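None of these values were measured; they are calculated from a predicted model.
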Amino acid sequence: MTSPSSAILREVFGYEAFRSPQQAIVEHVVAGGDALVLMPTGGGKSLCYQIPAIAREQQGQGVTVVVSPLIALMHDQVGALREAGVAAAFLNSTLDWEQAQEVERRLLRGEFTLLYAAPERVTTPRFLAQLDALHARGKLSLFAIDEAHCVSQWGHDFRPEYRALTVLHQRYSAVPRIALTATADALTRADIIERLQLEDARLFISSFDRPNIRYQIVEKKDATAQLLRFIEREHEGDAGIVYCQSRRKVEDIAQMLCEHGVNALPYHAGLDAGLRQTHQDRFLREEGVVMVATIAFGMGIDKPDVRFVAHLDMPKNIEGYYQETGRAGRDGLAADAWMVYGLQDVVNQARMIDESPAGEEFKRVMRGKLDALLSLAEAVDCRRVRLLGYFGERSTPCGNCDNCLTPPQVWDGTDAARKLLSTIYRVRQNSGIGFGAGHIMDIVRGKSTEKVAQFGHASLSTFGIGAAFSETQLRGVLRQLIATGALAVDAQAFNTLQLTEGSRAVLKGEQNVQLRESVTVPAARKSHRGGAGGKSARGSAAPASTALDAAGQSRFEALRAWRGEVAREHNLPAYVIFHDATLAAIAERAPATLADLQGVSGIGAAKLEKYGEEVLRVVN
């Protein structure tokens with residue numbers, strides 16, 4: 001016998017089967033249990049509370065309140081639910097006073113299955129009074145707290161307003177809660193449980209693996225040229241996100257890409273709010289837009305066909321890296337996570353931690369998280385094994401990261417490391433002060449610079465002892481030493497290099513330093529679209545349609561054009577109407593009747609009724 005939840009999955013959302021472990025989560029929450037769900041981006045988290053919301057509303061238990069931190073996410077999810085025939089609404093700052101009052105009146109009349117609101121609104125006296133009224137009538141069904149990592153000070157996107165959500169349990173203890181996140185290590189999980197009082201909740205942890213994403217981390221040489229080469233060779237015409245640390249860099253990179261024919265837009269908190277919204281809407285609604293952004297952009301972005309995420313600056317930690325790279329390939333098709341990084345990235349991140357006004361315990365945790373990311377970047381073994389290992393998941397080499405596809409050459413940098421550390425020690429003895437990486441490398445390589453002459457460092461016993469090493473090699477050694485804690489950066493003293501307790505083992509020869517050979521040009525790769533060499537022509541077929549024959553491709557493109565028109569009419573992203581995978585399945589099936597459309601993944605009863613005849617017209 002089909003369960004009510006399975007029936008909702010099929011009839012409302014158009015999917016034949018749950019993905020593991022969605023069904024167990026859904027059944028647990030429908031039965032009134034609390035849950036903490038860790039599921040990777042693109043794993044189907046939203047269904048884990050949307051289906052229970054529908055099921056519990058059908059049982060007469062009232063409305064589900066979804067706490068969501070982003071206006072864009074609310075709009076898209078409510079739009080998608082309405083397209084599927086579900087009564088949903090949002091309360092946020094985009095509504096004027098009259099519109100907001102109308103939503104509140106409809107809420108109290110019990111007209112919604114799901115209501116989305118930001119944490120700041122949920123905890124206001126006005127909103128809590130409305131929840132009180134619903135609760136008194138037994139019409140408050142479920143609380144879903146999305147992006148739950150925001151509650152944790154150890155998370156990568158801490159938002160203090162999430163802390164106030166404890167009021168939901170204190171005030172409505174009998175109403176079940178489900179908290180969901182794509183990114184949380186053990187420390188963050190524990191903080192979420194404590195802060196949201198979810199000690200009795202059932203914990204569901206899915207695999208963090210995103211096997212369709214290829215991870216590639218390369219040494220930063222000329223980041224701008226490297227990015228342009230990466231996009232032109234592997235992602236011409238594709239949608240993508242490029243992350244930069246500073247607002248100025250965002251604007252410079254966006255302009256550079258536009259000058260080279262890439263449809264790129266900037267996004268950062270310094271831009272006018274209206275312009276930010278316009279750029280975000282274009283990214284979501286148009287094909288092949290590249291968003292160049294700070295981390296102000298991205299959380300809650302549901303766009304399924306982002307084919308690459310590139311980092312021109314190193315994130316703060318693995319959680320941030322995983323969350324940001326996870327925005328690629330949500331449709332399950334091949335995508336790239338590409339990053340360049342160098343010694344200056346390491347120095348900058350270490351300095352930001354040291355200069356933070358936070359307490360010493362917080363800084364210690366943040367240094368540990370940065371060390372884990374540096375270890376991932378410097379790794380010579382499988383990136384995915386390292387990445388999953390950070391989240392406590394064991395795995396085997398993936399065959400789909402740069403280290404697996406093109407195993408790096410490794411060289412023994414122990415001798416170079418000892419020479420660098422010895423020089424740092426002697427320079428401080430000689431001058432009484434510390435120096436930065438560039439000057440230390442000049443001494444080791446025997447370069448007679450103005451600064452070397454000024455401080456008399458040509459007389460040091462280590463001057464020129466590393467002349468055989470290139471600057472690139474020595475930079476790699478310094479990165480590795482900082483990554484392993486054998487060297488520190490003193491942000492309070494102009495980013496000078498300092499020996500640590502860990503330096504001793506390297507100096508004594510007790511610890512070896514193994515490094516990857518510097519690689520300038522990435523190895524050739526298999527194309528996402530089945531060809532060789534990795535380059536795709538602008539306007540070529542979408543990845544979802546590559547298996548179609550010529551007639552199928554023609555139907556697919558006609559369906560995409562039709563979908564674009566419908567999306568513009570409804571002011572929604574195209575994927576909210578139908579995903580590419582659904583259009584490809586329709587194009588392959590070439591349906592002649594409405595019955596032929598039944599069972600196509602992504603077509604529920606409401607969409608079949610709303611669009612079925614039009615789809616048949618376009619196909620035929």
Side-chain angles (χ1 to χ4, degrees), residues 154 185-187 314 316-318 341-381 386 389-390 410-444 455 457 460-463 465-466 469 473-516:
W154 310 120
D185 62 4
L187 192 62
M314 177 178 281
K316 295 178 181 178
N317 50 50
I318 285 185
Y341 93 111
L343 179 59
Q344 196 58 44
D345 289 300
V346 179
V347 172
N348 287 343
Q349 291 293 358
R351 185 189 70 242
M352 284 193 288
I353 292 172
D354 288 341
E355 292 179 349
S356 162
E360 193 51 45
E361 182 192 6
F362 181 85
K363 289 182 179 181
R364 179 182 57 77
V365 173
M366 291 301 106
R367 289 188 192 106
K369 289 176 177 283
L370 177 59
D371 289 347
L373 182 58
L374 293 175
S375 177
L376 173 69
E378 292 287 350
V380 296
D381 53 357
R386 295 264 183 147
Y390 178 82
V410 179
W411 66 286
D412 189 343
T414 307
D415 182 51
R418 294 174 69 185
K419 288 171 177 173
L420 284 164
L421 294 174
S422 296
T423 300
I424 293 167
Y425 174 76
R426 284 171 172 76
V427 161
R428 185 167 285 278
Q429 273 195 324
N430 174 273
S431 307
I433 56 174
F435 290 85
H439 184 62
I440 297 298
M441 289 190 294
D442 286 343
I443 297 171
V444 172
F455 289 96
H457 289 160
L460 292 175
S461 61
T462 56
F463 184 78
I465 60 170
F469 297 111
Q473 286 177 310
L474 293 182
R475 281 190 179 279
V477 174
L478 287 172
R479 285 200 312 268
Q480 178 97 165
L481 291 173
I482 294 170
T484 58
L487 195 57
V489 178
D490 188 348
Q492 306 302 319
F494 308 101
N495 296 331
T496 56
L497 299 177
Q498 309 285 338
L499 299 182
T500 69
E501 192 61 36
S503 306
R504 192 185 309 276
V506 178
L507 283 167
K508 287 185 171 182
E510 297 170 354
Q511 180 178 322
N512 290 336
V513 180
Q514 299 293 316
L515 298 121
R516 54 192 300 124

| said: Taking Arg367 first and then Asp371, would you say they form a salt bridge - that is, a charged N and a carboxylate O separated by under 4.0 Å? | reply: no
| What pair of heavy atoms forms the shortest contact from Ala358 to Lys363, and how long is it? | O-CE, 3.4 Å
| task | Rounded to the nearest 0.5 Å, what's the gap from CD1 on Ile443 to CD1 on Ile424? Could you check? | result | 9.5 Å
| note | Shortest non-hydrogen pair, Ser503 vs Ala486, comes out as OG-O, 2.5 Å
| query | Considering only heavy atoms from C-beta outward, does the side chain of Arg428 approach that of Leu499 to under 4.5 Å? | reply | no
| Passes side-chain hydrogen bond (donor to acceptor under 3.5 Å, both in side chains), Ser431 versus His457? Steps please. | CA-CA 9 Å; Ser431 307; His457 289 160; 2.7 Å; yes
| note | Between Ser422 and Thr462 the two heavy atoms that sit nearest each other are CB-CG2, 4.1 Å
| request: Could you pull out all residues at least two apart from Asp412 that satisfy salt bridge (charged side-chain N to carboxylate O under 4.0 Å, His left out)? | output: none
| note | Between Ala416 and Leu474, the two heavy atoms sitting closest are CB-CD2, 4.1 Å
| query | Between Leu373 and Ile318, does a side-chain contact (heavy atoms from CB on, under 4.5 Å) hold up when you go through it step by step? | reply | CA-CA 5 Å; Leu373 182 58; Ile318 285 185; 4.0 Å; yes
| field | Shortest non-hydrogen contact between Ser461 and Arg426, atoms and distance | value | OG-NE, 3.1 Å
| task | Mind jotting down which residue pairs meet the salt bridge (charged side-chain N to carboxylate O under 4.0 Å, His left out) criterion with at least one end in residues 478-488? Sequence neighbours excluded, please. | result | Glu219-Arg479, Glu378-Arg479
| task | Answer yes or no: is there a donor N or O on one side and an acceptor on the other, between the side chain of Arg418 and the main chain of Leu507, under 3.5 Å? | result | yes
| request: Using a 4.5 Å cut-off on heavy atoms from C-beta on, say whether the side chain of Ile482 contacts that of Leu343. | output: yes
| task | Please answer whether the main-chain N or O of Gly436 pairs with a side-chain N or O of Thr496 as donor and acceptor at a distance below 3.5 Å. | result | no
| query | Does the side chain of Met366 reach to within under 4.5 Å of the side chain of Met352, using non-hydrogen atoms? | reply | no
| request: Enter the distance from Asn348:CG to Ile353:CD1 here, rounded to the nearest 0.5 Å. | output: 11.5 Å
| query | Just by distance, do the side chain of Gln349 and the backbone of Met314 share a donor-acceptor pair under 3.5 Å? | reply | yes
| message | Once rounded to the nearest 0.5 Å, what's the spacing between atom CG of Leu497 and atom CG of Leu420? | response | 9.0 Å
| Spacing of CG belonging to Asp442 relative to CZ belonging to Phe435, to within rounding of 0.5 Å | 11.5 Å
| CD on Gln480 to OG on Ser375, rounded to 0.5 Å | 8.0 Å
| field | Nearest atoms (heavy-atom pairs only) where Asn430 meets Phe455 | value | OD1-O, 3.6 Å
| message | Counting only heavy atoms not in Glu510 (residues, nucleotides, ligands), do more than 12 fall under 6.0 Å from its CD? | response | yes
| remark: So CG of Leu460 and CD1 of Ile465: to nearest 0.5 Å the spacing works out to 10.0 Å
